[in-house]
Every structure is written in structure tokens, then in C-alpha cells.
Asker: 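Structure below; questions to follow.
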Amino acid sequence: MALNQQNVQELDAVVVGAGFSGLYMLHKLREAGYAVRVYEAGEDVGGTWYWNRYPGARCDVESIYYNYTFSEEILNEWTWSSRYAEQPEILCYINFVADKLDLRRDIQFQTRITAARYNDQNRNWEIRMEDGTRVIAEYFITALGCLSSSNIPKFKGIGSFKGEMYHTGRWPHEKVDFNGKRVGVIGTGSSGIQAIPAIAKEAGHLTVFQRTPQYSCPAQNHSLDSEAIEQTRENYGELKKLMRYSMHGVPSGPRMRSALEDSLEERERLYEKAWQEGGLFSLTYNYNDIGILPEANETAASFIRSKIKQIVKDPEVAQKLMPTYYYATKRPIIDTEYFETYNRDNVSLVDIKAAPIEEITPNGIKTADGEYELDVLVFATGFDAMTGPLFNIDIRGKNDLSLKREVGRRCRVEDVPGTRNLRIPQHVYADWSAEPIGTKQHDGIY
């Protein structure tokens, strides 16, 4: 690190974010001899596992694969406790790695980057912090995370609510007390499905506001025994190769067989076996055309719907929880007793696609068919994904071109050469909710 004539720090590289990727980038650049510094908005390392501390938060990729693979020493010194690690354990792991590699000395915490502009003449980046501090670097590397900019829908009256409000992606470090309280959770994506069963065990009453039902399979989490851990360590070289070249970064893939080649009885047997084994890809990987052929997809989708019907005792509630879109057009989810939670006397489900949220009131939530009084409101409404974190920084490249302006422009199909007369089948051209174009409800929940 050096100072130029204007007393501005000069570095080889600046990395934004001290999560998994930011820490790895710091380690590799420093190892290669670069002068590098990481800037992190939080008070410590961890990225998504620092911010997401909501009840039930855990990884949905198996622990033995969700870790750094570059160091056998780190691999052998760390032991995971369960198949799917909870947030506190993953955060402990990241802190262990940061300490092991002495990374903190090159990280500046509680620092938010607000702007980065490329200087054509000097061929470097001028990077500004929230407090006005500047640094100059040849390389500007964003490790912000795809899911780090929390999304709270702009509901009418949101500032009027008198109770407690939380977002799963910005959870307090201290425990939130739900005991005996009327709690509302908006959203049933990955974080909602993890949080809902945990909150239900404490709340006086829990009301879940669901826009889109989810296909979810059981995680079947369990502790890891020493024998399984040792086998993993012994074979990690081969596992690492399989992970690198696999579809989803795990050492497995779909069977080379169509779902339509097996009889109904055989398919049901394999799906049931996968359901009992649990895991993110167990059911999907039974066949190689579930994500390709509608008829093959329906075999998996109908199996999961049958499980929901079997688990949830109230037929009306079960029906609301059954997705009708293609399986895996939204990211598959795994859970721990999610559907079973709706059998509890203190849990109710509100379909906000049928009766959208109209406003947040001082005492709760008003939908098209009534008002729900609440003491605590939890937004499990996800993130301004992918570009959101980047657009929160004023990033300008050559000729002062704004990243937000250039990338943020909407690309219309008719503007793409050769597509003016293109006709896309309605069931293929679907929005983020996997529903046909024209059905998206802008007053619903993301």
C-alpha cells in the first residue's frame, strides 16, 4: 500500500465484501504478491451468513460440499456437525478460515463503498467510501453476493406499523422474542420456509401470507458420524473433480434415463426413496428429463403435490399449498417440517394471490378480504437479486458509462436482431413466478 501526492491510498486491488468469495479472493491475491484490501459493510466476516441470522437459517447444500476446497489443511482441521449446517456453525467456519489465514489484517470493516470510477488516462479505479475517503486501485473486484440487497415491497402504510418489523436478510444479532406474540410472515421462499416452522414453535399465533406455493422436499437432516467424515476427507480429491464439472457443484447428477421409461409403480418407488433420503437434488436427479419434458416434469410435480395432500390435514389449506406451475422452474427448496407446521393450531395460511395485501396498518396487515392484527411482522421477501448490490454503488467505467444505466436498460424481444417475428409458447415464456405472461401481480409479494 502506498500514498500518492494527494495522500490517497494506492493499492493493486480493492475487493468489496468479506463473504466466502471476498475472503478467497483476498487470500489468492495476497498469495500472488498483490497489495490488496477488502472493504466490508458489516462488523465482521461472513457475508450472507453474517446478515442472515433468522430462526431456522441453514444451508441447503450439504456441509461437506459447502466449504473451501483449496486447502487440505483447512479441510482436515474443520469438522461439520450435521448434513446441513445451521447459520451459526457456518459463520464459525468462516471465522475459523479468516483466523487460519490471518485475513482480518487486510479487511476494513464497517465501511461501505458508494462509488467506483475508472480513470481512462491513469488506467485505474478511484473508489469512494461513505465517509468520503478515497482509494485508488488497478483492479476493482466486487464480491457483494447475488443475494445481499434486501427487498421490502413498497406497501402502502408500511411506516405506520406499531409493532416490530424484521427482514430475514437483516436479522438482529440478539434473539428476537416471539413468545406469545401474534406474528405475520410475508413470503414463502427459501428463507420463509426455513423460518416459519421455527417461529411457529414460539409464537402465540403465526399467520403466513403466501403469494406463490412452493415445491419443497424434506432435508432429512442428521448429524455426521466420524466414519462418514473420514471417508469424505480420504476421497475429497475425486469429489472435488466431480463437483467442479457437475451441473450444480455437487458430486452427483441425474440418471441417464427418462421418467417416461419407467412404470408408474417404479417411478413412485424411486420418488418415495428420494423423499425419505432427503436433499436438494435427490428427487430431481432420478431422471434426466424432468427439467425438459412437461410430461416428465409432471411425474415429479404430482408426486410432491400428493405428499402435501398427505401431510396437511386440512384439505383447503393443503390445496393452497400445492403449486400448479412446472417443478423446478422456481429454485427447488428443502425443508424441515414445513408442511407439517400447517397442522398446528397456532398457524394459519393466507393466500394473498386470491386476496392481495392492500396496506400495512398500525395494527397489522389489511388484505382484500380482511385485516390481521399482528405484534411482529417478518418480511421473508427475498432480495433485489444479482444486479441489486451492484446498482447500490455508482460504478462507472470507460467514458464515464454508468453500469446501472447500461445494464439496467430493459431488453425488449423485438429489439434483438432476428427476433421480431419470434413467437414463444406461453408456457415457456414465464416470469419469475413461473406463471404465464400477463398474470404477474405487482401488488403481490416477491
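All values derive from a computational prediction rather than experimental measurement.
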Asker: What are the two closest heavy atoms between Arg331 and Ser190, and how far apart are they?
Answerer: NH1-OG, 4.3 Å

Asker: For the side chain of Thr188 and the backbone of Thr212, is there at least one donor-acceptor N/O pair under 3.5 Å apart?
Answerer: yes

Asker: Could you grab the distance from atom CG of Asn52 to atom SG of Cys59, nearest 0.5 Å is fine?
Answerer: 11.5 Å

Asker: What pair of heavy atoms forms the shortest contact from Lys307 to Glu272, and how long is it?
Answerer: NZ-OE1, 2.7 Å

Asker: Counting the benzene-type ring for Trp, do Phe209 and Tyr372 have ring centres under 6.0 Å apart?
Answerer: yes

Asker: Of all heavy-atom pairs between Tyr68 and Gly19, which one has the smallest distance, and what is that distance?
Answerer: OH-O, 4.1 Å

Asker: Which atoms form the tightest heavy-atom contact between Ala203 and Val183, and what is the distance?
Answerer: CB-CG2, 3.8 Å

Asker: Does Arg53 qualify as a cation-pi partner of Tyr50, given the criterion of NZ or CZ under 6.0 Å from the six-membered ring centre and within 45 degrees of its axis?
Answerer: yes

Asker: Is any side-chain heavy atom of Val378 less than 4.5 Å from a side-chain heavy atom of Val376?
Answerer: yes

Asker: With rounding to the nearest 0.5 angstrom, report the OH to CG distance, Tyr326 to Asn297.
Answerer: 7.5 Å

Asker: For the pair Tyr166 and Trp171, name the ring-plane relationship: parallel under 30°, tilted 30 to 60°, perpendicular over 60°.
Answerer: tilted

Asker: Let me confirm one number: the CE-CG distance from Met256 to Asn288, rounded to the nearest 0.5 Å.
Answerer: 4.5 Å

Asker: Run His222 and Ser82 through side chain to side chain donor-acceptor pair (under 3.5 Å) and show every step you take.
Answerer: CA-CA 6 Å; His222 56 75; Ser82 62; over 6 Å; no

Asker: Parallel, tilted or perpendicular: which fits the ring planes of Phe303 and Tyr271, with parallel below 30° and perpendicular above 60°?
Answerer: tilted

Asker: Once you measure the plane-to-plane angle for Tyr327 and Tyr215, does it fall in the parallel (<30°), tilted (30-60°) or perpendicular (>60°) bin?
Answerer: perpendicular

Asker: Please name the residue in the list Ile186, Leu321, Ile352 that meets the side-chain contact (heavy atoms from CB on, under 4.5 Å) test with Gln210.
Answerer: Leu321

Asker: I want to check something: taking the side chain as every heavy atom from C-beta on, are Pro356 and Thr367 in contact at a cut-off of under 4.5 Å?
Answerer: no

Asker: So, Phe70 versus His27, ring centres under 6.0 angstrom or not?
Answerer: yes

Asker: Measure the acute angle between the ring planes of Phe281 and His248, then classify it against the limits of 30° and 60° as parallel, tilted or perpendicular.
Answerer: parallel

Asker: On the 0 to 90° scale, with breaks at 30° and 60°, tag the Trp80-Trp78 ring pair as parallel, tilted or perpendicular.
Answerer: perpendicular

